[in-house]
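Naming convention: chains lettered A, B, ... in sequence-line order (proteins, then strands); numbering from 1 in each chain. The figures here come from the full heavy-atom set of this structure, side chains too, leaving out hydrogens, waters and symmetry mates.
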2 protein chains.
Amino acid sequence: MSYFCVSLEKFSFMNFDAIDKKLLKLLQANSKQTNKELSNKLNLSVTAVYERIKKLEKEGVISNYVALIQKEKANKNFLAFCHIKLVQHTQDYVIKFEREVANLEEVMECYHISGDYDYLLKVIVSDMEAFREFMVNKLTSINHIGSTHSMFVINEVKHTTAIMI
Amino acid sequence: MSYFCVSLEKFSFMNFDAIDKKLLKLLQANSKQTNKELSNKLNLSVTAVYERIKKLEKEGVISNYVALIQKEKANKNFLAFCHIKLVQHTQDYVIKFEREVANLEEVMECYHISGDYDYLLKVIVSDMEAFREFMVNKLTSINHIGSTHSMFVINEVKHTTAIMI
DNA sequence: GATGAAACGATTACTCA
DNA sequence: TGAGTAATCGTTTCATC
């Protein structure tokens, strides 16, 4: 198992051998596989698999293991993206906005982006009526929001959590 | 444990009791907790936890368990959103575009959306140069793309996979 | 990186309310 | 029907090579 780190001031990343890459791919596809199953797929001993995983966890490469749930079964069938422009961009406003938006459970993702708008939000709710509620009572009740522009998801073509290394 | 399904033509969703909601929240936060740990947090027996989880898996509420990896450690520090407009919207073009885009490993998410553009893509690569490469050699080599508009992520304010029920 | 033993958790059958 | 107890089985973990 050969690792080395490349450090360039602000960030550092690992270099992975072929086995680690395959292991990460397998775990990102299904983390409930036993080390025995993984050892078969990787042609390794159970212990070797175990140690590689522990190392990847310790290095912070694997940050967490989670259950993914089907949004249709959770009555969250409505997905929208909201562009947001702030009125002003003082430190205060920005920090306050970011904190409040991050606390909204309907907001799955929030990014500060380049371009015409300041932020892009991914919002998940049950239906259009719930989205209207969210906009009126939660999002636009945050102060300092200048304008918003919403796009509704008609169809989810692809959605993965797996990063290919 | 009381479940019932609400069916409205095209979709159906479960109604969850308070314990299931908490259980789903816990598993979405960390799926490596043992049933014993979960049983403590939920004031239930290990078996009761086990059976609730199995039921949620069988119903398809829990669709998968995955490892999440830190993109910084994987040298994938550059995140962008791409708007895409197709030249034409014939069935053929749409199906072909969607299939080809879904096959690109840089594309984490792809949505057919309302508004000025047809699609919104979330793209993850190592840096701006890799993004340029991706645009020139992969994305725009897909036929039928009319125009694109890219937004670069300056800062990730929030990113979660957990849906709150 | 492999082997094998000890520890631990998941799973199932059984029991009780 | 729904939850708890206890035995079994398989996996994780770790010391040793």
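K85(A) forms a cation-pi arrangement with Y117(A), by the criterion of a distance under 6.0 Å to the ring centre and an angle within 45° of the ring axis.
Distance from the side chain of Y50(B) is smallest to dT12(C) among dG1(C), dT12(D), dT12(C). Nearest nucleotide to the side chain of A48(B), out of dT11(C), dA3(D), dC14(D): dA3(D).
Summarising the geometry, the separation between NZ on K54(A) and C1' on dC14(D) is reported as 12 Å, rounded to the nearest angstrom. Rounded to whole Å, the distance from CG on L44(B) to P on dT5(D) is 12 Å. Atom C1' of nucleotide dT11(C) and atom CD of E57(B) are separated by 13 Å, given to the nearest angstrom. What separates NZ of K55(B) from P of dT11(C) is a distance of 18 Å, to the nearest Å. Whole-Å rounding puts the N35(B) CG to dA3(D) P distance at 14 Å. The distance from atom NZ of K32(A) to atom P of dG10(D) is 18 Å, rounded to the nearest whole Å. Atom-to-atom, CD of Q33(B) to P of dG9(C) comes out at 13 Å; the value is rounded to the nearest Å. Atom CG in L42(B) sits about 11 Å away from atom P in dG4(D), given to the nearest Å.
Contact annotation for T34(A): backbone-only contact, meaning every heavy-atom pair under 4.0 Å involves sugar-phosphate atoms and none involves a base.
Judged purely by distance below 3.5 Å, without hydrogens or angles, the side chains of E57(A) and Y65(A) pair a donor atom with an acceptor atom.
Remark: the S45(A) side chain and the dT3(C) base include no donor-acceptor N/O pair separated by less than 3.5 Å. Between the side chain of T47(B) and the base of dT5(D), a donor-acceptor pair under 3.5 Å is found.
Within the 4.0 Å cut-off from OP1 or OP2 of dG2(D), not a single side-chain nitrogen or oxygen of R52(B) is found. Considering only side-chain N and O atoms, K36(A) lies nowhere under 4.0 angstrom from the phosphate OP1 or OP2 of dG10(D).
A salt bridge is defined here as a Lys NZ or Arg NE, NH1 or NH2 lying under 4.0 Å from an Asp or Glu carboxylate O, and K158(A) with E109(B) fails to meet this definition.
In summary, the aromatic rings of F81(B) and F152(B) are positioned with their centroids too far apart to meet the 6.0 Å limit. Under the 6.0 Å cut-off for aromatic ring centres, H144(B) and F97(B) do not qualify, their centroids lying 6.0 Å or more apart.
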